[in-house]
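Bear in mind the structure is a predicted one, so any value in this text is a computation, not a measurement. Proteins come first, then strands; the chains are lettered A, B, ... in the order of their sequence lines, and each starts at number 1.
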2 protein chains.
Amino acid sequence: MSFDLESFLPYRLNVAATRISRRFAALYEAEAGLTVPEWRVLAHLDRSGAVSVRDIHARVHLDKSMVSRAASRLEQAGLVQKSGHDRDRRLVALELTGQGRALMHRLSQIATGFQADLIAELGPEAGALDRALTRLSGGKD
Amino acid sequence: MSFDLESFLPYRLNVAATRISRRFAALYEAEAGLTVPEWRVLAHLDRSGAVSVRDIHARVHLDKSMVSRAASRLEQAGLVQKSGHDRDRRLVALELTGQGRALMHRLSQIATGFQADLIAELGPEAGALDRALTRLSGGKD
DNA sequence: TCGATGTCATTGCTGTTGCAACGACATTAA
DNA sequence: TTAATGTCGTTGCAACAGCAATGACATCGA
């Protein structure tokens, strides 16, 4: 029997993920000209307060280099403020500016709306998808 | 209320997808030194018989350029044979060589095993995930 | 037949990604 | 203190993705 890629779970998962990721990326690209890493950094900072690059790297599944570069761009754009940590001068303290917070306010509404549409589209399977994703994020590695 | 990326569906989906995609990619990388596009082309050819670049591009969510380059590399490696279409000389006819079929035989076992592990890991949510992915691949765009 | 338009595969180009190295700094042990 | 080791953020670099342009060929209409 030959192998059927169409029904192969990793493949299907990947296709679905990039598809909806792109749909959503188009929204915040239109709203604020953000890239994916920029969006993630911004979204994380909205919750975390002042935080280091390493911290974001660990939580948001972005390489350190991307966090660093995204943060620089966001700083240029006036959305993020970068300052030094008091005790440990290796660390950077990243936090949203007023402008950054204002943007995240708008973006979080867009995101919430997008997610609501998605859940509606999923119908009864939404809850199960949620649980499945939780499982897939649990294991080692 | 601030926005929580951790529970945002598109984000979670993306993280899960890249995570398991990498896990699996490590397997066929170890087995045959393949990249993602190469794997997809190979897997598709295993089912389809002789087929054009355009065809694969349409079915496998890969840019034409990547299909083309992957096919060239696979040809170099002796896994794929590239010939011209009889009627339409713009078209290329891609098909597996004996070596390619042999490799896909091994790979499809690895893939099937991997999927089985994944489904086991998912437990009762596996079926629902499947249905959810089907829904997510249905819509326009 | 001949031109206009369209399609196919390939190639170039540019921005993005992820890894590896680097320099600055911190921490620990002697 | 000083040396050794470890961690942090940044940068360099090479591989890769996606887009646009190209050239070869096909098709359609006059």
Could you check Leu91(B) against Arg54(B) for side-chain contact (heavy atoms from CB on, under 4.5 Å), going step by step and ending with a plain yes or no?
CA-CA 8 Å; Leu91(B) 298 180; Arg54(B) 170 110 183 91; 5.6 Å; no

Round to the nearest Å and state the distance from Leu62(B) atom CG to dC16(D) atom P.
13 Å

Within-4.5 Å side-chain heavy-atom neighbours: Thr97(B) and Val80(B):
no

Proximity to DNA chain C (any heavy atom under 4.0 Å), residues of residues 24-47 of chain B only
none

Evaluate the side-chain proximity of Leu122(A) to Leu9(B): yes if any heavy-atom separation is below 4.5 Å, no if none is.
yes

CG of Asp63(B) versus P of dA15(D): gap in Å, rounded?
20 Å

For His61(A) and Thr18(B): C-alpha separation, side-chain torsions, deciding distance, then whether side-chain contact (heavy atoms from CB on, under 4.5 Å) applies.
CA-CA 10 Å; His61(A) 296 271; Thr18(B) 58; over 6 Å; no

Between Pro37(B) and the options Val60(B), Ile56(B), Leu62(B), the side-chain contact (heavy atoms from CB on, under 4.5 Å) test singles out Leu62(B)

Heavy atoms, side chains only, cut-off 4.5 Å: are Tyr11(A) and Glu6(A) in contact?
yes

N/O contacts under 3.5 Å, protein versus nucleotides 7-10 of chain D?
residue, atom, partner, partner atom, Å
dT7(D), O2, Arg90(A), NH1, 2.7
dC8(D), OP2, Arg54(A), NE, 2.7
dG9(D), OP1, Val53(A), N, 3.0
dG9(D), OP1, Val92(A), N, 3.4
dG9(D), OP2, Arg54(A), N, 2.6
dG9(D), N7, Lys64(A), NZ, 3.3
dT10(D), OP1, Lys82(A), NZ, 3.1
dT10(D), OP2, Ser68(A), OG, 2.6
dT10(D), O5', Ser68(A), OG, 3.2

Nucleotide range of DNA chain C lying under 4.0 Å from chain B heavy atoms
dG6(C) to dC19(C)

Trace of the side-chain contact (heavy atoms from CB on, under 4.5 Å) decision for Leu107(A) with Trp39(A):
CA-CA 9 Å; Leu107(A) 285 179; Trp39(A) 150 254; 4.0 Å; yes

Flag the pair Asn14(B) / Arg40(A) as yes when at least one side-chain heavy-atom distance between them is below 4.5 Å, and no otherwise.
yes

When you look at Ile119(A) and Asp130(A), which way does the side-chain contact (heavy atoms from CB on, under 4.5 Å) test go after all the steps?
CA-CA 10 Å; Ile119(A) 288 174; Asp130(A) 206 79; over 6 Å; no

Angle between ring planes, Phe114(A) versus Phe8(B), binned at 30° and 60°: parallel, tilted or perpendicular?
tilted

Taken to the nearest whole Å, NE2/His85(B) to C1'/dA24(D) is 16 Å

